[in-house]
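Everything on this sheet refers to the single structure shown next.
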Amino acid sequence: MQDHPSREQLLEMGIDGFEIANGGTLDTISLKFIQDNNLLLITGTDVHYPDTNAFSWTILNTNGNRTASNIMAQLKARRTSFLFDPTGTQPLAYPPETSNYFQTAPPTLLGQYFQMFWNDQTGMYSFSPQGGFCHQEYITIRYQLIGYFIAWVLVGFLIFEAVRLVVVGFIWGPLQRRKKYLRRKKVEDDMRSEVGAGDLEDVQQ
């Protein structure tokens, strides 16, 4: 991997161990290296949200003493094992939808939607002195997807204009003309009534 020390180099640096499982991936090469060199073995669940599946567990024999000091003692003694389930557990907890979520969801989800137009691949973070990432960064622009998105926007605009034409031309327009006709007719009727009343007064005089 680019800019990343090998397992042998990390061992010479004094590394304690490796993470051999992350998500649904099991690193069998690192597992064999750990067994050959008596290193610490741990797993990473990546359970960052209540509804995220778990795939692996780090096993410690605490003998019922689950204090932080005893757990650290077991880790330092490298007395760990692991369980790995490539299918993952079923989500058992679902976070409630609060008013704060509804306030921030529209811009957040819209931003996630537009992220589909490109893909930024950097690989895992490198712990070498140079820092950076293990692999060269690749940014892929999905031009075809952007083209189809623009096409669908145009289709939506044309549909909107067609519907607006139908509503304005055949429903809203005639309705407004009918209202204007009735207002004008009422004004004319009122004027005729006033004229008729004036003529009647002249006759009476």
Side-chain angles (χ1 to χ4, degrees), residues 1-3 21-25 43-57 85-126 131-205:
M1 293 185 292
Q2 176 180 326
D3 297 330
N22 187 285
T25 302
T43 64
T45 62
D46 270 5
V47 179
H48 299 288
Y49 303 97
D51 58 346
T52 305
N53 297 13
F55 295 88
S56 59
W57 298 261
D85 181 2
T87 60
T89 59
Q90 295 299 315
L92 301 179
Y94 299 90
E97 294 181 344
T98 64
S99 59
N100 291 334
Y101 168 77
F102 292 120
Q103 291 174 5
T104 58
T108 301
L109 297 179
L110 185 63
Q112 294 177 355
Y113 174 80
F114 283 106
Q115 285 181 353
M116 69 177 177
F117 294 144
W118 73 88
N119 186 26
D120 187 4
Q121 295 176 305
T122 57
M124 299 296 294
Y125 182 76
S126 173
F133 292 89
C134 302
H135 303 88
Q136 182 179 353
E137 183 177 14
Y138 294 98
I139 298 179
T140 305
I141 306 297
R142 296 169 176 164
Y143 295 102
Q144 187 176 12
L145 187 59
I146 295 174
Y148 278 114
F149 173 78
I150 295 173
W152 277 112
V153 169
L154 293 176
V155 170
F157 176 76
L158 293 176
I159 292 175
F160 170 78
E161 287 296 318
V163 172
R164 189 169 70 92
L165 178 63
V166 171
V167 171
V168 173
F170 297 97
I171 300 177
W172 181 254
L175 181 62
Q176 291 299 107
R177 289 194 294 270
R178 176 66 177 171
K179 287 182 178 180
K180 290 181 180 179
Y181 167 76
L182 293 176
R183 284 197 300 267
R184 185 170 62 250
K185 186 174 183 301
K186 184 177 183 304
V187 171
E188 293 175 353
D189 291 343
D190 291 342
M191 293 177 61
R192 290 193 187 96
S193 298
E194 292 176 359
V195 172
D199 292 344
L200 180 60
E201 290 178 0
D202 292 340
V203 171
Q204 291 175 349
Q205 292 176 356

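This chain uses plain numbering: 1 for the first residue, then up along the sequence.
Within the 4.5 Å cutoff, no side-chain heavy atoms of Y138 are placed close to those of N119.
Classified by interplanar angle (parallel below 30°, tilted 30° to 60°, perpendicular above 60°), the ring pair F149/F114 is perpendicular.
The two residues M116 and R142 have their closest heavy-atom pair at O-NH1, 2.9 Å.
In this structure, OG1 in T25 is found 8.5 Å from CZ in F55, a value given to the nearest 0.5 Å.
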Donor-acceptor contacts under 3.5 Å from residues 152-170 side chains, at least two apart:
from, atom 1, to, atom 2, distance (Å)
E161, OE1, R164, NE, 3.4
E161, OE1, R164, NH2, 2.8

Distance-only criterion, 3.5 Å: show the donor-acceptor pairs between side-chain atoms of residues 100-112 and protein atoms not counting sequence neighbours.
from, atom 1, to, atom 2, distance (Å)
T104, OG1, N100, O, 3.1
T104, OG1, Y101, O, 3.4
T108, OG1, T104, O, 2.7

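Contacts of Y143 classified as ring-ring contact (aromatic ring centres under 6.0 Å, His included), with partners at least two apart in sequence or in another chain: none.
No donor-acceptor pair under 3.5 Å is formed between the side chain of T43 and the backbone N or O of A21.
Heavy-atom neighbours of F117 CZ from other residues, nucleotides or ligands within 6.0 Å: above the threshold of 12.
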